[in-house]
*Asks:* 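I'd like to ask some things about the structure below.
On a predicted model such as this, the values are computed, not experimentally measured, just so you know. Only this structure's heavy atoms are used, side chains among them; waters, hydrogens and symmetry mates stay out.
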Amino acid sequence: MRVLITGAAGFIGSHLCERFLREGHEVIGMDNFLTGSPDNIAHLFENPDFTFLKYDVTNFIYVKGDLDLILHFACPASPVDYMNHPIHTMKVDSLGTLNTLGLAKAKGARYVFASTSEVYGNPTVHPQPETYWGNVNPLGPRSVYDEAKRFSEALTMAYHREHGIDVRIVRIFNTYGPRMRIDDGRVIPNFVSQALRGEDLTVYGDGSQTRSFCYIDDLVEGIYRVAMKEDIGGEVFNLGNPEEWSILDLAKLILDLTESPSRIKFVDRPEDDPDRRRPDITKAKKVLGWEPKVSLREGLERTIGWFRERVT
Ligand code: UDP
């Protein structure tokens, strides 16, 4: 297949490029490096099946030749990043989604949209199944991300219903692994880099809020299955690891694994930070035969190894 991946130089995007190339597909990567980095894809340039276009997907997109599949993964994804770039975040998941869907229509390509567990907001249903409509503050600081992703889901479904485009939506829960930016502000890069530097780990609030962390290789396997399976047009899948951890326990585990002398410091909790998050992955298990295989301990060990070589 000839595949376009937007956000190709990002954390998830770069792993996806690698996976599609490994399976023998031709990959066109697109990124404007707002939060992604050329370092993530530098090693792919020697592969003749990889092409890269430095481009901002909020502008009209032209790609020469056929396309069989488009994966729209461009978007700042860390709360710190999307709050630093609120308008661009809204553009990439409105204009960018419109442009990539228009391209899918023009090329007759299948389309996969990278959505998020943030569409559930601060959930009142736990764990969250795909059928839950969410509890989002439309005015709060996270709304630039949450509402843009919700708009993109609606637009993706509109293209499916009106133009018959073969679309799939993945709602990605917290994911971690090598190639996360050390300073991206998310909890695992923060805690690991703080632990390796011997600085205090900044737990927001009392650390009783929960998240469920999926290792990147497991997530990529899930996305690959969603992209390749026949006859699931118009379907949405939660992808994430259902093992739920409090942020305080995560901090303790990272201190343990890094053998760090760091201590835990409790600081103010950001506004609208969801209290609990855990995916119900019944649908992905049943339809895709997918479930995560890498435990948090094992995934963190690999991630810490990668960070160790880079944290200064
Ligand atoms: N968090 C924390 N300390 C940090 C960074 C994050 O305690 O240095 C908490 C944050 O309040 C949230 C959880 O960790 O409850 C996950 O935050 P992250 O930014 O990774 O992503 P989110 O799941 O909120 O999108």
Side-chain angles (χ1 to χ4, degrees), residues 12 75-83 86 89-90 93-94 97 113-158 167-176 185-188 190 202-214 218-219 222-223 226 234-251 266-288 290-292 296:
I12 297 176
C75 190
S78 147
V80 171
D81 284 344
Y82 61 69
M83 290 188 234
T89 298
M90 296 210 79
D93 273 331
S94 53
T97 309
F113 177 66
S115 189
T116 168
S117 52
E118 283 279 329
V119 299
Y120 301 124
N122 190 11
T124 55
V125 169
H126 193 78
Q128 295 81 53
E130 290 87 348
T131 47
Y132 175 50
W133 292 357
N135 177 38
V136 171
N137 173 359
L139 299 174
R142 298 175 89 99
S143 65
V144 296
Y145 186 69
D146 302 11
E147 295 293 14
K149 289 289 185 189
R150 291 172 67 97
F151 173 86
S152 285
E153 288 201 6
L155 193 62
T156 302
M157 291 310 291
V167 304
R168 293 100 198 267
I169 295 168
V170 287
R171 292 190 180 140
I172 301 170
F173 284 65
N174 293 66
T175 301
Y176 68 99
R186 283 185 280 196
V187 67
I188 289 181
N190 273 10
T202 51
V203 168
Y204 300 164
D206 62 5
S208 62
Q209 70 271 32
T210 68
R211 294 293 186 274
S212 308
F213 298 97
C214 186
D218 282 332
L219 181 82
I223 296 168
V226 170
E235 294 291 337
V236 53
F237 295 92
N238 282 340
L239 293 180
N241 190 320
E243 202 182 293
E244 186 178 355
W245 284 73
S246 78
I247 295 303
L248 185 58
D249 285 341
L250 173 74
F266 295 94
V267 301
D268 285 349
R269 184 135 171 243
E271 199 182 327
D272 290 344
D273 186 26
D275 299 325
R276 301 183 76 183
R277 182 182 289 159
R278 174 184 177 184
D280 178 332
I281 58 163
T282 311
K283 184 173 174 184
K285 270 190 194 165
K286 201 168 133 207
V287 178
L288 310 168
W290 173 85
E291 67 182 314
L296 183 60

*Asks:* Do Y176 and L296 come close enough that some side-chain heavy atom pair is under 4.5 Å?
*Replies:*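 The answer is yes; the side chains approach within 4.5 Å.
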*Asks:* For the residue pair V119 and K149, what are the closest heavy atoms and their distance?
*Replies:*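 For V119 versus K149, the nearest heavy atoms are CG1-CB, 4.1 Å.
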*Asks:* Can you name the nearest heavy-atom pair linking N122 to P274, along with the distance?
*Replies:*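 Of all heavy-atom pairs spanning N122 and P274, the closest is OD1-CA, 3.5 Å.
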*Asks:* Is the shortest heavy-atom distance from the side chain of F113 to the side chain of V167 under 4.5 Å?
*Replies:*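 F113 does not reach V167 side chain to side chain.
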*Asks:* Do V203 and F266 have side chains that get closer than 4.5 Å, going by heavy atoms?
*Replies:*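 V203 reaches F266 side chain to side chain.
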*Asks:* Can you name the residues that form a side-chain hydrogen bond (donor to acceptor under 3.5 Å, both in side chains) with R150, not counting sequence neighbours?
*Replies:*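 By the side-chain hydrogen bond (donor to acceptor under 3.5 Å, both in side chains) rule, R150 matches no residue at all.
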*Asks:* Are D81 and R186 close enough for a salt bridge, meaning some N to O gap below 4.0 Å?
*Replies:*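 Here D81 does not pair with R186 in a salt bridge, since their nearest N and O are not under 4.0 Å apart.
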*Asks:* Are I281 and W290 close enough that some pair of their side-chain heavy atoms sits under 4.5 Å apart?
*Replies:*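 Of all side-chain heavy-atom pairs linking W290 with I281, at least one is under 4.5 Å.
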*Asks:* For C75 and Y145, work out which heavy atoms get closest and say how close.
*Replies:*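 Closest pair (atom of C75, atom of Y145, distance): SG-CE1, 3.8 Å.
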*Asks:* Determine whether L288 and V226 make a side-chain contact, defined as any pair of heavy atoms from C-beta on separated by less than 4.5 Å.
*Replies:*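 A side-chain contact under 4.5 Å exists here.
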*Asks:* Taking the side chain as C-beta and beyond, is there a heavy-atom pair between K283 and P129 under 4.5 Å?
*Replies:*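 K283 does not reach P129 side chain to side chain.
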*Asks:* Nearest 0.5 Å, what's the CG-CG distance between D272 and N137?
*Replies:*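 One gets 4.5 Å once the value is rounded to the nearest 0.5 Å.
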*Asks:* Looking only at heavy atoms, which two atoms of S246 and G207 are closest? And how far apart?
*Replies:*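 Scanning both residues, the minimum pair turns out to be CB-O, 3.5 Å.
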*Asks:* Is there a side-chain contact between R171 and E153, using heavy atoms and a 4.5 Å cut-off?
*Replies:*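 R171 vs E153: side chains touch.
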*Asks:* Side-chain donor-acceptor pair under 3.5 Å between Y120 and N238, yes or no?
*Replies:*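 Per modelled atom types, Y120 and N238 side chains form a pair under 3.5 Å.
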*Asks:* For side chain to side chain contact (heavy atoms under 4.5 Å, CB included), just list the numbers for E235 and R168, CA-CA rounded to whole Å, side-chain angles, deciding distance to a tenth of an Å, and then say yes or no.
*Replies:* CA-CA 5 Å; E235 294 291 337; R168 293 100 198 267; 5.6 Å; no
*Asks:* If you measure from CZ on F237 to OG1 on T282, what distance do you get to the nearest 0.5 Å?
*Replies:*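 So the CZ of F237 and the OG1 of T282 are separated by 12.5 Å.
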*Asks:* Just verifying a value: how many Å separate E147 CD and S152 OG, rounded to the nearest 0.5 Å?
*Replies:*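 Between E147 CD and S152 OG, I get 11.5 Å after rounding to 0.5 Å.
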*Asks:* Looking at every non-hydrogen atom in both residues, tell me the closest pair between E130 and V236 and how far apart they are.
*Replies:*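 That would be CG-O, 3.6 Å.
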*Asks:* Going from OG1 on T116 to CG on L239, what distance comes out if it is rounded to the nearest 0.5 angstrom?
*Replies:*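 One gets 11.5 Å once the value is rounded to the nearest 0.5 Å.
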*Asks:* Test of understanding: with side-chain contact (heavy atoms from CB on, under 4.5 Å), list the residues that count as partners of E244, not counting sequence neighbours.
*Replies:*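 Listed in chain order: H126, T210, S212, R276, R278.
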*Asks:* Looking at V80 and G185, what are the two nearest heavy atoms and their distance?
*Replies:*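 It is CG2-CA, 3.9 Å.
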*Asks:* Could R142 and E118 be called an ion pair, given the rule that one side-chain N must be under 4.0 Å from one carboxylate O?
*Replies:*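 Salt bridge: yes.
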*Asks:* If you define the side chain from C-beta out and look only at heavy atoms, does anything of D280 sit under 4.5 Å from Y132?
*Replies:*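 D280 does not reach Y132 side chain to side chain.
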*Asks:* Would you compute the distance between atom CG of N174 and atom CH2 of W245 and round it to the nearest 0.5 angstrom?
*Replies:*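 These two atoms lie 14.0 Å from each other.
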*Asks:* Atom CG in D206, atom CZ in R269: separation rounded to 0.5 Å?
*Replies:*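 If I round to the nearest 0.5 Å, the distance is 7.5 Å.
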